[in-house]
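First listed ligand is number 1; within each ligand, the first listed atom is number 1. We use all heavy atoms of the structure for the numbers below, so side chains are in, but hydrogens, waters and symmetry mates are not. In this text, all values refer to a predicted model and were calculated from it rather than measured experimentally.
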Amino acid sequence: MTVQGKTAIITGSNSGIGLGVARELAKAGSNVVLNSFTDRDEDHALAAGIAEEFGVTATYVQADMSKGDQCRALIEKAGGCDILVNNAGIQHVAPIDQFPQDKWDAIIAINMNSAFHTMAAALPVMRERGWGRVVNIASAHGLTASPYKAAYVAAKHGVVGMTKTVALETAQEPITCNAVCPGYVLTPLVEAQIPDTMKEYNMSRDEVVKNVMLTRQPSKEFATVEQMGGTVVFLCSDAAAQITGTTISVDGGWTAL
Ligand code: NAD
């Protein structure tokens, strides 16, 4: 496997998709650096668990992805970077004329600006090591829009644009840069919303998933964090060496509509 023995940094990886990606990369033999803004025992325990389960090196580095200098420090503290997965992200939903300015600033900083800072810091490291893979976790909202998600849609479109730019800047080097665009993914956060929605609409779990949550996802199935991880591992493989500057949708057909 191409990723075997490589060092992968995954931002925002103490839960959800980031953790799923870290686990799939570790399963494929990559050493992983987990990250979030917290510094709890359980964060470090997550890394220790991955190291033990997959027989790789796994560490946890605290860094707040809303702060440019901390994004850059993460790359330095990781002690090497062959694979960079920009995954940290938050959401806030409101009409644009009522969108709180602090929420706008936080979403743009965490979901978009962080990728600028980490890529700026990681590319020289990859060049020195002679190989690199950047995978930015964008969204179906990097390609389409929904009402009330101005900041998120702007940030994710920005990430897709930045991905193409970095791909062109590295096109003649053994470095690729791509974006994965998930539709709805079953993360603990999404799972936790199901019981309340069942009560609110007096619906079964299946009805809530198909008729409320997945109205825009033609497959009527959630994507999984393992599928996100598998897509990232593929983008890091030799088979994907000529795939750069593009988006891969893992969205059950959402963006085909
Ligand atoms: P999640 O809330 O489970 O994970 C977000 C991660 O980012 C967490 O580990 C969190 O600790 C971290 N994070 C938040 N703020 C941070 C900060 N300031 N600094 C460092 N880390 C920070 O959500 P998720 O669903 O796993 O989302 C992961 C990514 O996937 C996001 O970029 C999100 O936009 C994208 N995405 C998710 C879905 C979905 O359906 N779940 C769909 C499309 C795209």
Side-chain angles (χ1 to χ4, degrees), residues 9-24 32-40 42-43 46-47 60-75 77-78 84-93 102-103 105-115 117-118 135-146 149 151-160 162-163 179-194 209 212-217 219 221-229 231-232 247-252 254-255:
I9 303 173
I10 307 101
T11 71
S13 47
N14 65 353
S15 78
I17 293 173
L19 182 57
V21 169
R23 288 180 55 80
E24 290 303 311
V32 292
V33 179
L34 272 58
N35 153 265
S36 185
F37 59 93
T38 51
D39 197 13
R40 307 164 301 181
E42 61 208 81
D43 295 322
L46 266 180
Y60 177 87
V61 177
Q62 186 272 338
D64 184 345
M65 292 297 105
S66 69
K67 312 264 189 315
D69 53 348
Q70 293 195 31
C71 295
R72 289 168 189 259
L74 166 65
I75 306 300
K77 286 183 192 164
L84 170 64
V85 182
N86 284 306
N87 167 80
I90 57 166
Q91 174 66 285
H92 185 80
V93 178
D102 61 334
K103 295 284 184 205
D105 290 343
I107 291 174
I108 296 298
I110 297 168
N111 296 20
M112 187 181 77
N113 294 351
S114 67
H117 294 294
T118 56
V135 183
N136 295 320
I137 306 298
S139 168
H141 282 115
L143 305 167
T144 63
S146 293
K149 295 185 177 175
Y152 189 85
V153 169
K156 294 297 185 180
H157 275 69
V159 165
V160 169
M162 213 183 333
T163 301
V180 174
C181 293
Y184 275 106
V185 183
L186 191 56
T187 59
L189 209 79
V190 174
E191 181 69 54
Q193 293 165 24
I194 296 176
V209 168
V212 180
M213 296 183 134
L214 296 178
T215 43
R216 291 182 74 181
Q217 198 143 307
S219 67
E221 281 181 33
F222 287 111
T224 67
V225 299
E226 290 79 10
Q227 289 162 354
M228 296 307 141
T231 306
V232 171
T247 57
I248 296 197
S249 292
V250 188
D251 66 1
W254 175 337
T255 46

Short side-chain to backbone donor-acceptor contact, S66 and I110, under 3.5 Å = no

ask   = Which ligand 1 atoms are under 4.0 Å away from a heavy-atom of A63?
value = 19 (N), 20 (C)

request  = Evaluate the side-chain proximity of V185 to V190: yes if any heavy-atom separation is below 4.5 Å, no if none is.
outcome  = no

key: N111 near ligand 1 by a heavy-atom separation under 4.0 Å   = no

Salt bridge present between R40 and D43 (N-O < 4.0 angstrom) = yes

ask   = What protein heavy atom sits nearest atom 25 (O) of ligand 1, and how far off is it?
value = T187 CG2, 3.5 Å

task = From atom 44 (C) of ligand 1, work out which of A138, G89, G142 has a heavy atom at the shortest distance.
result = A138

ask   = Side chains of V180 and V135: does their closest heavy-atom pair fall under 4.5 Å?
value = yes

inquiry  = With a 4.0 Å cut-off on heavy atoms, is F222 in contact with ligand 1?
reply    = no

message = Please report the interatomic distance CG(L214) to CH2(W254), rounded to the nearest 0.5 Å.
response = 9.0 Å

task = Establish whether atom 19 (N) of ligand 1 and some protein heavy atom are separated by less than 4.0 angstrom.
result = yes

query = What is the closest protein heavy atom to atom 43 (C) of ligand 1, and at what distance does it sit?
reply = P182 O, 3.4 Å

message = For ligand 1 and G12, I'd like to know whether there is a polar contact (N/O to N/O, distance under 3.5 Å).
response = yes

message = Among all protein heavy atoms in this structure, tell me which lies nearest to atom 32 (O) of ligand 1, with the distance rounded to 0.1 Å.
response = N87 O, 2.7 Å

key: Nearest-contact summary for atom 34 (O) of ligand 1 - protein heavy atom, Å   = Y152 OH, 2.5 Å

request  = Using a 4.5 Å cut-off on heavy atoms from C-beta on, say whether the side chain of I75 contacts that of L84.
outcome  = yes

task = Do me a favour and list the nearest non-hydrogen protein atom to atom 21 (N) of ligand 1 with residue, atom name and distance?
result = S36 OG, 3.5 Å

inquiry  = Are any of the N/O atoms on M65, whether in the backbone or the side chain, positioned under 3.5 angstrom from an N/O atom of ligand 1?
reply    = yes

key: Proximity of D64 to ligand 1 by residue part, where a heavy atom lies under 4.0 Å   = both

ask   = Does ligand 1 have a heavy atom under 4.0 Å from the side chain of P188, from its backbone, from both, or from neither?
value = neither

ask   = What do you reckon, does C181 put a non-hydrogen atom under 4.0 Å from ligand 1?
value = no

note = for atom 37 (C) of ligand 1, nearest protein heavy atom and its distance come out as I17 CD1, 3.5 Å

query = How close do A63 and L74 get, heavy atom to heavy atom, and via which atoms?
reply = CB-CB, 4.0 Å

inquiry  = Looking at Y184 and R216, would you say the former's side chain and the latter's main chain have a donor-acceptor pair under 3.5 Å?
reply    = no

ask   = Quick one: does K103's side chain have a donor or acceptor within less than 3.5 Å of a partner on Q91's backbone?
value = no

Steps toward side chain to side chain contact (heavy atoms under 4.5 Å, CB included) verdict (L186, T224) = CA-CA 6 Å; L186 191 56; T224 67; 5.7 Å; no

query = Just by distance, do the side chain of N87 and the backbone of T11 share a donor-acceptor pair under 3.5 Å?
reply = yes

message = Only heavy atoms of G183, strictly under 4.0 Å: list the atoms of ligand 1 that pass.
response = 38 (C), 40 (O), 42 (C), 43 (C)

query = What residue and atom, counting heavy atoms only, is the protein's closest point to atom 22 (C) of ligand 1, and at what distance?
reply = F37 CD2, 3.6 Å

task = May I ask you to identify the nearest protein heavy atom to atom 4 (O) of ligand 1, giving residue, atom name and distance to one decimal place in Å?
result = S15 OG, 3.5 Å

ask   = Does ligand 1 have any atom sitting under 4.0 Å from a heavy atom of K156?
value = yes

query = Is there a donor-acceptor contact under 3.5 Å from the side chain of Q217 to the main chain of E221?
reply = yes

query = Is the side chain of N35 donor-acceptor paired with the backbone N or O of Q62 at a distance under 3.5 Å, no angle test?
reply = no

message = Geometry only, no angles: is I90 polar-contacting ligand 1 at N/O separations under 3.5 Å?
response = no

